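All remarks here apply to the structure that follows.
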Amino acid sequence: MKASQIGIQVMREMPSDADDIAQAWLLRGGYIHRHAAGIFCFSGLMYRVEEKVSKIISEEITRNGGMQVRLPILQSAEIWQQSGRWAVYEHEKLMFKSEDRKGRIFGMSPTAEEVVCDFAKHLIRSPAQMPLNLFQQNLKFRDELRPRSGLLRSREFIMMDAYSFDLDNDGLDLSYRKMRQAYHAVYKKMAFDYMIVQADSGAIGGSASEEFMATSEAGEDTLLYSENYAANLERAVSQTPAGEKAEDGEMKIIETPDSETIVKVADFVGVAPSAVLKTLVFDLVYQDKTEPIIVLIRGDCDVNAVKLSNHFGAIAAQPSDADTVHKVTGCAPGYVGPIGLKPGVKMIADTSLEGVTSLVSGCCEAGKHAVHTMPGRDFDMPETVDLRMARVGEIGPDGVPLLQCKGIEIGHVFKLGTKYSEALSAGVTDSNQKFQNFHMGCYGIGTTRILQTLVDQNCDQDTGIKWPVIIAPYHAHLVPVKADNPEMMAAAEKMAAELEARGCECVVDDRKGSMGSKLKDGEILGFPLRVVFGRDLADGKVEIYNRLTDEKDTVTLDEAVERLSGFVTSEIAAANARRDAVVAESF
RNA sequence: CGGGGAGUAGCUCAGCCUGGUAGAGCGCUGUGCUGGGGGCGCAGAGGUCGCAGGUUCGAAUCCUGUCUUCCCGACCA
């Protein structure tokens, strides 16, 4: 391919509004162009990268029993109403909507559980036709509250979404394991630095859920892990560290002016924050209602709203605003406590309070707190469950302190069970003449998100992208030092033809401009290999450079072809070997 | 939705406080010299200063509104 035909436009300076390095390189290299917030054009080079990534994904899913299909982007509102999720998406304003000439409303696919479940009803009429695993790679639309970080959280993106259908839970288990394996194969092949973590199922619902996280400082998610344990922070569990025990005694109410935070109260009374009772009011948001709940937790701990929400099967749990707090407790935030609380409000406690015998607590009266309060004696102790936000350094399920890192979610696997098949009455009659709803799993890989994550893990701060060979838009950048020198250009084109024949994809840089700027462009764009046709051509030699190994050499034309194509072949072989190792390891 | 930046040439930005003919660097076009790391010279093109309204003899500049965008928070299959 000639560079002049590609539409290359490398910017001289770093874009000012790119917050992370990968997005900055993609913008500066002209790989992507922002059209609107969270919506991008892809250049020819980016399109090639996308195709290579999506091909790898499709291959591995197919290898593990998936069948690629095409599902509609425009999805009728009715089917979303059947599952009850139209209201959820309406509530969060996440759905892009569209209306046809007759006034029928369609949602632009943010995901496709409903549609594929309905589709499967027509495809599967007998248990013998299962398991079935349908997947696609298609555009998805989500009107995110705040698109950000380029392709990492965009409003229009490409996602591989797969859906498995089984007769029973055992079947689902197997389908889930196979997909998990396919995911490992995909990420190993692309040489991602990643980990698999326990995850929250979120609004999509279902029982088991794990996320594949590319480790990166640019990641939005916080992960806690040790050798045999890893979880998203919103899901992580750990042992509550021991708190400082306060002196026991008779409960007494004392004046505590200006003590509306845990730290201030603790300082004022002269105890550790862990000897203070934190009492919080949350709104539990359900599909049809919102109700307040009072949460008790030890003063030095934080409530994990996801755990709280999940415990009650709510859509979300969010801290109540001051007005609600006042309405529910009769006092302002800062002095709320189980002492003096008006009855009838739902309450729950975190396990951090188990066994604690003396606490400083709010008593629903401004400027006052109760000291030496004992759960069970001075107030009724509600049900205790784990609602606590785990922290780095605490002892995890492994029995060792948890470590922390940031991650980009590049894949997510869920067991849905019968949530959608029940709502849509989708299933088959089994051998006992009994109707069985499909047991479904769903699986997502953010194809476009992966593109930026690959750059994140394969670039350097100063020079540019370093595409792995199996992903690179082209493998080799052939640069004639003088573009208008016929011998140099002819030599480059001849070598390009020879390399292409051996599977090494080439860009011949026929653009006007100085050699320096072409070399710079090539490095920013991230081609793994380069050949310079210049002064040594008189001796039948060229300079070859490997950006991935940083090796430079001056060799004959024949040897250059040999070395470059050999490197490409071996890199592809290595990637396939990593993929094959996954099967052997059997994750 | 709350908080904070920003919108002036294709890009990065200056000018705004203190109102008075629209600026720089890079890029682009032409041309000549160059040619192993964004090279040099000469000549050029390119902007309703986001939009609307207001104040004023006069607004990129002051005021009001609005849109867009980036960041933080909330949110995030």
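Residue numbers begin at 1 in each chain, while the letters A, B, ... track the order of the sequences. Here the structure is a predicted model, which means the values were calculated and not measured.
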Find out whether A:Phe414 and A:Met440 are in side-chain contact, i.e. whether some heavy atom of one side chain is under 4.5 Å from a heavy atom of the other.
->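 A:Phe414 vs A:Met440: side chains apart.
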Between [options], spot the one nearest the side chain of [X], thanks.
| X | options | result |
| --- | --- | --- |
| A:Ser514 | B:G39, B:C70, B:C75 | B:G39 |
| A:Arg530 | B:G37, B:G38, B:G36 | B:G37 |
| A:Asp536 | B:U69, B:G36, B:C11 | B:G36 |
| A:Arg34 | B:G30, B:G35, B:U69 | B:U69 |
| A:Arg148 | B:A74, B:G37, B:C11 | B:A74 |
| A:Val10 | B:G38, B:G37, B:U12 | B:G38 |
| A:Arg153 | B:G36, B:C11, B:C76 | B:C76 |

Salt-bridged, A:Lys512 to A:Asp484, with N to O below 4.0 Å?
->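 Looking at A:Lys512 and A:Asp484, the cut-off is not met.
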Classify the nucleic acid contact of [X] as base, sugar-phosphate or nothing, counting any heavy atom under 4.0 Å across all strands shown.
| X | result |
| --- | --- |
| A:Asp20 | nothing |
| A:Thr463 | nothing |
| A:Lys93 | nothing |
| A:Asp161 | nothing |
| A:Glu523 | base |
| A:Phe157 | base |
| A:Ile524 | base |

Counting only distance, no hydrogens or angles, is the base of B:G38 paired donor-acceptor with the side chain of A:Arg28 under 3.5 Å?
->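 Donor-acceptor pair under 3.5 Å: yes.
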Closest contact, heavy atoms only, A:Gln136 versus A:Ala112 =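 Closest pair (atom of A:Gln136, atom of A:Ala112, distance): NE2-CB, 4.3 Å.
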Given B:C75, is OP1 or OP2 found less than 4.0 Å from the side-chain N or O atoms of A:Arg146?
->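 Checking A:Arg146 against B:C75: no side-chain N or O falls below 4.0 Å of OP1 or OP2.
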Using atom C1' of each nucleotide, how far apart are B:U18 and B:A52 to the nearest Å?
->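 The answer is 27 Å between these two C1' atoms.
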